[in-house]
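Okay, structure first, notes after.
Numbered from 1 within each chain, the chains take letters A, B, ... in sequence-line order.
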Protein chains: 2
Amino acid sequence: MRTYGEYCSIAKALDVVGDRWTLLIVRELLIRGGSRYTDLRDGLPGIATNLLSDRLRELESAGLIRREEAPPPIATALFHLTETGAELAPVLDAFYRWGLRYMAEPPSGDAFRGHWFAFSIWSLQDRDPDGPPASVELRAASTPVSVDVAGGKVSMRLGPALAPDLVLSGEPRLILGMFNGFITAAEAVDLGLDISGDVDVLLRILPEVAAAT
Amino acid sequence: MRTYGEYCSIAKALDVVGDRWTLLIVRELLIRGGSRYTDLRDGLPGIATNLLSDRLRELESAGLIRREEAPPPIATALFHLTETGAELAPVLDAFYRWGLRYMAEPPSGDAFRGHWFAFSIWSLQDRDPDGPPASVELRAASTPVSVDVAGGKVSMRLGPALAPDLVLSGEPRLILGMFNGFITAAEAVDLGLDISGDVDVLLRILPEVAAAT
DNA sequence: CGGCATCCTCTTTGATACTG
DNA sequence: CAGTATCAAAGAGGATGCCG
């Protein structure tokens with residue numbers, strides 16, 4: 001990206017991460033942690049492969065990511081965020097919150113990946129910190145993700161849960177709407193969300209407005 | 001901007017404001033409030049005039065700004081942020097904080113405008129809320145800005161102060177460095193900042209680390 | 001298969017000139 | 001003042017080829 005040539009902190013930030021795709025690459029690395037090239041490509045549907053490699057090189061020379069040649073068992077290099085790169089989290093979080101307003105209408109032909117639930121999940125809290133650990137599986141995309149609830153915290157991992165106490169399956173917007181307090185769990189079920197297992201685990205992590213019966 | 005086609009809040013936000021110059025236009029409107037076309041052009045050195053008019057039209061149709069034909073005394077239309085547009089403030093603030101790391105090196109040929117101090121000023125606080133109102137003028141660009149300190153709050157206006165208690169003049173990076181606690185007031189003076197007037201007003205608003213003697 | 005590099009086309013940007 | 005018109009240059013997108 002051509003520099004704006006302005007002595008302004010915002011313009012300087014945009015000089016570094018204002019290019020198309022750049023912040024979405026950071027999103028992927030924040031959610032996934034160390035990632036292979038093909039993981040990134042899969043998490044960025046629509047990116048041209050040459051652009052991905054261009055951006056990775058630019059991000060590396062800007063000091064936002066680090067390329068690590070993995071030891072022999074793994075045949076491939078992993079891309080990691082540096083400290084500087086990871087400090088973009090508040091920027092992505094602000095975008096996430098502002099962009100929620102555009103998530104209401106059902107996606108028409110939009111791509112979806114289960115791990116994109118991450119920012120929603122990071123804003124949840126376990127309202128029963130002394131309760132037993134619990135596990136939830138979300139099935140809204142071809143690849144499920146699992147949510148761990150324990151000790152007041154809610155976290156996310158890629159892939160299916162081993163022994164989920166609760167499984168949610170249905171449209172992404174229903175799960176998202178519930179997690180963000182736009183619709184209640186009951187409304188989500190009416191609209192087609194399938195909930196099977198221990199519903200209390202769900203009520204434990206939903207914002208109060210969405211947990212209302 | 002071509003849509004990313006992803007059902008992800010961050011991607012949706014970037015669909016709307018990810019284009020080059022767009023967020024800087026929002027910056028100008030956040031700082032200045034209602035602005036004329038030429039005010040915007042002056043606050044965005046380097047923008048091509050056709051791009052500014054393109055972006056303004058796009059932002060209007062996206063519902064982020066409103067064009068108001070001003071009543072007869074003013075001969076021209078004013079551009080305002082809508083509620084949706086103003087809610088981008090946390091995004092700009094996050095960029096502002098992240099971008100500060102690139103403000104340390106002295107600008108080489110970068111343009112500067114006094115009102116770009118706004119985000120720094122908004123993060124200051126008046127540490128003597130019961131003290132008398134005070135006024136500071138900053139002269140670091142061709143057009144000065146004035147800072148009002150009163151009742152625990154620090155605010156900024158465009159243009160010179162009427163009867164400043166204190167005047168700071170010198171390089172933008174010295175004022176910025178002080179306001180952000182990277183250098184002390186004493187160090188800023190050593191490095192060439194000129195302080196004239198009531199220094200106590202300065203110590204009242206600087207972060208504690210920068211106010212150390 | 002992972003990780004690019006190349007080639008080509010199309011769109012966006014930037015610089016400048018011009019107009020109501 | 002507040003834009004529109006024009007045109008060259010840069011960047012994005014898509015297809016394909018290469019190499020360990």
Separation of [N] [atom2] from [X] [atom1] (nearest whole Å):
X: L78(B); N: dG3(D); atom1: CG; atom2: C1'; value: 16 Å
X: L44(A); N: dC4(C); atom1: CG; atom2: C1'; value: 16 Å
X: D15(A); N: dG11(D); atom1: CG; atom2: P; value: 13 Å
X: D54(A); N: dG13(D); atom1: CG; atom2: P; value: 11 Å
X: I47(B); N: dT13(C); atom1: CD1; atom2: P; value: 10 Å
X: L56(A); N: dC4(C); atom1: CG; atom2: P; value: 7 Å

Side-chain donor/acceptor of D148(A) to backbone N/O of S155(A), under 3.5 Å: no
Base of dG11(D) paired with side chain of D19(A) (donor-acceptor, under 3.5 Å):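 A donor-acceptor contact between them is absent.
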Closest-nucleotide ordering on DNA chain C, the 5'-leading residue of S53(A) and G46(B): S53(A)
Along DNA chain C (nearest heavy atom to each residue), the more 5'-positioned of R41(A) and R2(A):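 Nearest nucleotide further toward 5': that of R41(A).
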First encountered from the 5' end of DNA chain D, between R20(A) and T49(A):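 That would be R20(A).
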Flag for S146(A)-R157(A): side-chain donor and acceptor within less than 3.5 Å: yes
side-chain contact (heavy atoms from CB on, under 4.5 Å) evaluation trace for L56(B) with L40(B): CA-CA 10 Å; L56(B) 287 172; L40(B) 294 174; 4.0 Å; yes
